[in-house]
Each structure stands twice: as structure tokens, then as C-alpha cells.
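Heads up, the thing below is written out as C-alpha cells.
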Amino acid sequence: MTTVTTRRPGARRGLATPWLMLFPAIVLFVLFFAAPIVYTLVLSFQKSQVKGLGLGSGGRSTVFAGLENYVSALTDADFLASVARVGVYGLILIPTMLGLALLFALLLDSKRTRAKGFSRVTIFLPYAVPAVISSLLWGFLFLPSVSPFFDIANRFGITLPDLLSGDAVIVAIANIALWGGVGFNMVVMYTSLKAIPTDIYEAAKLDGASEVQVALRIKIPIIMPSLIMTAIFSIIATLQVFAEPVTLKPLSNSISSTFTPLMTVYRDAFTRNDVYSASATSIIIAVAIFALSFLFLRVVQRRAFGGEN
Amino acid sequence: MRSTTRAGIAATIAITALALTGCSGSSSGSSGPVELTYWGWAPNMEKVVDSWNESHPDIHVTYVKTDAGEPAVTKFLTAIQAGNGAPDLMQAEYQKIPTLLASDAIIDISDKVADDTKSKFSDGVWSSVTLGTDGVYAIPQDSGPMMFYYREDIFDQMGLSVPTTWDEYAQVAKTVHDSDPTKYLGTFSSIDPGQFAGLTQQAGASWWSSDDGAWSVDIDSDPVKKVADYWGGLVESGVIDNKPQYTPEWNAALNDGSQIGWVSSVWAPGVLAGNAPDTAGKWRMAPLPQWDASAPATGNWGGSALAVSSQSKNVDAAVEFSTWLNTSKDAVDQLVSVSGLYPADTVESADALKTPFEFFSNQPDFYETAAEIADTVQPFTYGPNVNVAYSAFNDEFGKAAESKSAAQFAAAVEQMQKVTLADLEDSGFTTK
């Protein structure tokens, strides 16, 4: 650091300073972000080859595989089914989650709502619970014979559906993600609602607009950028769903080891001890997430930010 | 200020030098005790290790308790792949030994193991650590011969007799569920491939075999189909539950008497004591129901051996400790009394196994019966991709159990065979 503060005339100092300042960030970025990605890319083009019975040392070697791992991932029926499954999951989860978040944010922003601080914290709190813990908690609640919900419903003669069997398990997983995700998205929307200047509301009031009209015609259009941002975050999180199904898996017959794309990556890397296929699948998922987010932005960009240009 | 800095630098150099010599030094060269690390998950194993450390000042063992089974293997293989961080000694379930060996994670210790070690174990157990080769890849610790557990009090109440054949088991299952629809004699669990493998072992199956330097996969053999068909039929008719074991729901069912039987293994008393504490003294153990009553047989579910990792720098000390832990009278006594295991060493464990586990105090001859059953364990060979076959079991039998259709159980066997064989071929193993 002493070299930076040394006063020496000339233009060189000005050139070196930003690099010196950036140095720690660049080192961390390269070490923990760029290098692992490059390593994953390298691994994805290799495979492990065994000779004979494969027992004893030297029975295994690493060879170049070309695009083999990519081809087998993209033609794997289980993997494609898992992609379709998270698609359905996203269609259930994202509209419900963002709809509820928006509803809560608007309610909290409304002048007539009472106990705002308490409600805000209560809705946000589930976000602070790690996904594994919340999945364990919900897992107990979904098991018919130990769940208090089923117990209470039975007393009224109602039989609740078993969410851990059959296709309904997607609803169970979406339910957990919904419980954890609404709070976060609500806070993002609520924060941008708070940034709207109040004179707009006064003008609307003078024109005779009702609360609902203010919400639909003023608030929602103004906070559109944060709605889009939360939608992108949600799309990414949907494609990466992992902790909830993995935690529920031992409780259900209906969650396979390739239930979601990331579970396939985990199974290949750690159950099958094949990091090469797992790397290729990870790269495919990363590219897909990038493409989807980019596509979504392109589609909504004009509507969201058109007014600013 | 300057002198402290200099002292600091000197100290750093000294420590680095020490660390470097520590890395390259062999067990005999450095002063102080040899340090070994040991990963495992047997209950209270740290107490057994402590007693070694007290009596053996020259070899110090650090026990690290890991998660049981699959996660431990994952962690171990990751450390092996990383090149460092793996322990000297690793608890390895018998079925994982070929996988660990194929990943270069454990080593052949045949030239270090004493000659009389082999004589302490039954041939079946010993063959699962040699894999039928001249090598020795681990020292057996405990074994898991399968047995049948049932609620004696409820059997008496309902006037049931203990099933000795699988036909009788099916009848009892039907009687139980027909007379009280909330009760089941058992469940078919799609998350326990080891249990299913053990049941097919009883019927005479061996999922893999190696011959002339080539592997074959025999999951779609007749005994496996027979067992899958049998359980598929029970699940389809609804007399057996189709929910997985080891869920909070299953624990509650064991505890409140909705599950009144369990096809399990010699270690079941420990699980029952933990998961169904209200049922102490109400269970009884019997041999598994048989396919052929004139030729009693059983399979294995669980059981582990202790392997030396390929990263160990103190192989001699590791083998010495492992031999003590698994074949000395002192340690084997503790494996029974402290850890509650059923030792693989049949010679040294005879005395320790006289009194049953407290939870089964109503069955004083528990271990006598267990020893008779253990003698009937059928041979079984595990292949190098047990992990793939087991995860295929989870997926395929999960679907089958959910569909409650016997035809799906048969399809699951075919699919397991296909997935397991294809994986061996893709990895480059010689197969036939």
C-alpha cells in the first residue's frame, strides 16, 4: 500500500491505482468463480475409463470424451423429464408466489392496514429459515399419520390428500418454496413501493381514483422493474430447485434420484462418482438459465423500461 | 518492533520446516506417537477408541463420527479425489468395498494382516473382504444376518402363529390387515435396497459375479424375480404397506403397534429401542420365513469392515489398530457392550454375546438364535457399481411401490438389470 501513497509525479500512478484497488476482487473472482467454471468445462469433456475388472490401483484412467457427455445428457429421457417437471413446478410456483408477494406488498402499503411492522416481519420470517429445515418441518406436516393438519381435518370428517404420493408431490415441493419465497419477494416490491413520491397519490386522489385504481394504474406500473427482477430471480431459483426434493425424498416413493436437473447432477457426481457427466449437465443447466433469463428480459424489456428511454 | 517481526519470521520458517518434515517423515522416523484418523459411524465407537489410546501410547487414533452409509462414502471419495483430507481408516459397508477399490480409495493389506486373522471369521464374511481374490481389502467388523421381528403381545392377542415360510407370512399379513385395516405385518420400502438385496440373497441370488476377468450382472435372475414378484403381489393386494421405512410416520407406526412385524437384521434391537421406545420387551425375534423350510437360509443387510485408505502414510499402524479393534477379545467385548454391534469375529465374541440387548430382555436366547441364523447366510458377490444398482432400485421400486402393481415390480427388476449393466459397459469394465 505504501507504493500507492508515495507522491511521485507522472501519469503512471493514475494507471496503476485502479488495478491495485481491483486486485483483491480480481484474485477472489478468478480463484472462486472463473477457475472453477473453467475446471468444470475441462472436466465436462473428459471421462473415466476402466480396464478389466477395475479392481486394484491403476485400473482407472481419464480420457478425452469430446461431446459424449453432452450428447448423453441431452438424450437422457430421465433428464429431459426432469426439465419438463421443473417447468410444471415453475408454472405452479412463480405466478402464485409473485402474485401473493405483490398482494401482500400492496396491502402493507395501503394506508388502512394496521399492525404493518408485525405483518411484514411475519411474512418475511420464513425466508430466514434454511430450505433444508423448512423441508423437514413441512415433511412432518405432509405425512398423514403424524401431521396435525390431517389430525384436525379427520376430526371434522375431512380426508386431506396425501401430497407425498404420486404427481401431487410437485405441489408439496412448490408449497415449501412458496412458504419460503413470498416474504423475500414481498420485501423487494414493498421497498420500491415506498420509493414512489407521495404527490402522485395526492394527484390521483384529486382526480377521484379509488385505492384499487391507484394500485392497478399507478403502483404496479411504477414498480414493474422490480416485478421483473423478482420474476428473473424466481425463474433461476426454479431451475435450481434441489434442497426441498432431496430432503423430502426419503419420505416418498414418488421422488426419484433424477427428479430435478440439479438432483441428476448430484447423483452423477456423488452417487455414481462420475464428475465428468455431472460437469457437462451443470454446464447445460447454466447455459439454459442464462438463455432463459436473457430471453425473458428481451421479451419484457420494452414494456418495463420503455418509458425510461 | 523489528525484533519481534524477525522472531515471527523465524518461527514461521521453523513451523513450515516442521510441517514439511512431518509430511515426508515416515511413521518410524518422527518422535511422538503415530497419528491415525478413523472415520466411522458405529454408536459410541469413540469410547472404544479411547480405550485403545489409553493402553497404546505409541499410536494415537482420532475418531471422526461421520454420517452413516452413502454420505460417508461420498465424503471419503471426494477427499480421495482431492488428493488429501482422507482418513487412514474408513468404515466400509461390505457392499461398498468393490466400489472403493475401483476408485483406488482403499488398499490391499494382505501382506500386513496376521495369518490367524482369517480364522476368526466365517468364510462368507471373509470372502466379502477378499472379493474372492488373493488380496485382503478390509478387516470385517460387524455383520447383519437378516431375521424376522414381530410384536409377541399382538400376535398372542390376534391368535397368530409365527410364519416360518413366506407362504405363511403372506397368510398372516392378510389375516392381520383384514381383521384390523390400520395394522400391517410389514411394508415394502423403496428406500432400502440393502434389505431387498438381502432378501434375494436368501432366495439364492447374487447380483454380480466375476469370472475370467469379466463381470456379469445377474439382477434379472430367477431368485430376484421370485422375491420381487412375491412382494409386488403383497403390495398389490394391499395386505402390506408401500410406505418407506425410517420416516417419522413409520417410527410412529412401530411405536403405536400399527406395524407389528419387521423383516430386518441382527441390529434391529438398537433401531427399535431408539425409534419405538414404548415397545420395550414386546418384540421377539425369529428366523426369516423360508422359501424352502427344509434348507434354512438368510441374507445380509448391513454390516461393515474397516479399510485402510490409499492416502494413509502409516499403513502398519493402521492395520495394527484395525486388527486390535476387530479381532482382540478386549475390543470385541466393547463392540458388543459399548457399541451394540454384532461382531463379525465369531471366536472372540462368544462370551460377550451371552446376554441379550436390554430391549430384548424377554428373549434370553436372542444371541444363541442369532448365531444359528448367522450360520445360514448365503454367499453373495457385490460388483463395482453397487451405488448405481442401489440408486436404480430407489427409482424403479419407488415407482413400482407407488403404482401398487405386481407387474411394475417385475418391470423394476428388468430396468435395474439394464441400468446396472449399461453403467459397467459405459465405464469400460470387461463384461459378459
Side-chain angles (χ1 to χ4, degrees), chain A residues 43 47-63 65 68-69 72 78 81 136-137 139-147 150 162 164-169 246 248-259 263-264 266-277, chain B residues 70-71 73-75 77-78 81 98-99 101-105 107-108 131 133 135 137 182 188-191 210 213-215 242-253 256 258 310 383-385 387-388 390-392 394-403 423-424 426-430:
Chain A
L43 285 178
K47 67 173 182 177
S48 166
Q49 193 69 37
V50 184
K51 285 191 201 78
L53 286 178
L55 301 179
S57 64
R60 201 174 268 265
S61 57
T62 307
V63 295
E68 201 180 303
N69 292 330
S72 61
D78 287 340
L136 278 175
L137 294 173
F140 274 87
L141 296 175
F142 289 143
L143 284 170
S145 74
V146 290
S147 164
F150 282 78
D162 181 1
L164 289 178
S165 73
D167 293 334
V169 80
V246 163
L248 289 185
K249 187 174 183 295
L251 304 180
S252 169
N253 281 326
S254 304
I255 302 178
S256 67
S257 55
T258 53
F259 195 75
M263 284 175 73
T264 309
Y266 180 84
R267 183 203 62 176
D268 287 347
F270 298 113
T271 309
R272 294 193 164 182
N273 201 23
D274 178 5
V275 285
Y276 310 104
S277 303
Chain B
E70 204 69 62
V73 170
T74 301
K75 195 177 166 191
L77 286 177
T78 308
Q81 219 144 31
T99 308
L101 201 54
S103 306
D104 250 345
I107 57 167
D108 179 7
L131 308 176
T133 68
Y137 303 105
T182 66
F188 182 85
S189 174
S190 70
I191 64 162
S210 66
W215 286 104
N242 68 340
K243 300 264 176 61
Q245 285 164 175
Y246 295 104
T247 69
E249 196 170 42
W250 181 74
N251 292 345
D256 68 16
S258 314
S310 55
N385 64 341
N387 42 3
V388 172
Y390 277 21
S391 108
N394 288 334
D395 290 351
E396 301 304 330
F397 278 89
K399 272 186 252 167
E402 190 62 38
S403 72
D423 174 73
L424 277 187
D426 288 351
S427 310
F429 288 98
T430 311

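So you know, we letter chains A, B, ... as the sequences are listed, proteins then strands, and number each from 1.
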Worksheet item: Which region of A/Asp162, side chain (C-beta onward) or backbone (N, CA, C, O), has a non-hydrogen atom less than 4.5 Å from a non-hydrogen atom of chain B, or is it both or neither?
Response: side chain

Fill in: For chain A, the option from B/Pro248, B/Ala400, B/Ser190, B/Ser258 that forms the most heavy-atom pairs under 4.5 Å
B/Pro248

Worksheet item: What distance do B/Asp426 atom CG and A/Gln49 atom CD have between them, rounded to the nearest 0.5 Å?
Response: 9.5 Å

Practice prompt. Measure A/Ser48 against the heavy atoms of chain B and call it side chain, backbone, both or neither at under 4.5 Å.
Written response: backbone

Worksheet entry | Stepwise side chain to side chain donor-acceptor pair (under 3.5 Å) test for B/Asp104 and B/Ser310 | CA-CA 7 Å; B/Asp104 250 345; B/Ser310 55; over 6 Å; no

Worksheet item: Measuring from A/Phe270:CZ to B/Thr78:OG1, what's the distance to the nearest 0.5 Å?
Response: 5.0 Å

Item to complete: Could I get the full list of side-chain hydrogen bond (donor to acceptor under 3.5 Å, both in side chains) partners for A/Ser254, not counting sequence neighbours?
Response: B/Glu402

Discussion item. Using 0.5 Å steps for rounding, measure from the CZ atom of A/Arg267 to the CG atom of A/Asn273.
Written reply: 13.0 Å

Worksheet item: Who are the ring pair (Phe, Tyr, Trp, His ring centres under 6.0 Å) partners of B/Phe397, not counting sequence neighbours?
Response: B/Phe188, B/Phe196, B/Phe393, B/Phe409

Worksheet item: So what's closer than 4.5 Å to chain A heavy atoms on B/Ala214: side chain, backbone, both or neither?
Response: backbone

Worksheet item: Out of A/Ser147, A/Gly139, A/Pro144, which one racks up the most heavy-atom pairs below 4.5 Å with chain B?
Response: A/Pro144

Worksheet item: For B/Ser103, is it the side chain, the backbone, both, or neither that has a heavy atom closer than 4.5 Å to a heavy atom of chain A?
Response: both

Discussion item. Do A/Thr271 and B/Asn387 pair up side chain to side chain, a donor and an acceptor below 3.5 Å, judged on atom types alone?
Written reply: no

Discussion item. Can you tell me which portion of B/Leu131 sits under 4.5 Å from chain A's heavy atoms? Options are side chain, backbone, both or neither.
Written reply: side chain

Fill in: chain A contacts, top residue of B/Asp395, B/Leu77, B/Thr247, B/Leu424 (heavy-atom pairs, under 4.5 Å)
B/Asp395

Worksheet item: Side chain, backbone, both or neither: which part of B/Gln81 has a heavy atom under 4.5 Å from chain A?
Response: side chain

Practice prompt. Select, from B/Phe429, B/Tyr246, B/Trp250, the one with the greatest count of heavy-atom pairs under 4.5 Å involving chain A.
Written response: B/Phe429

Fill in: Rounded distance [0.5 Å steps], OG in A/Ser252 versus CD1 in B/Ile191
10.5 Å

Worksheet item: In terms of heavy-atom proximity below 4.5 Å to chain A, should B/Asn394 be classed as side chain, backbone, both, or neither?
Response: side chain

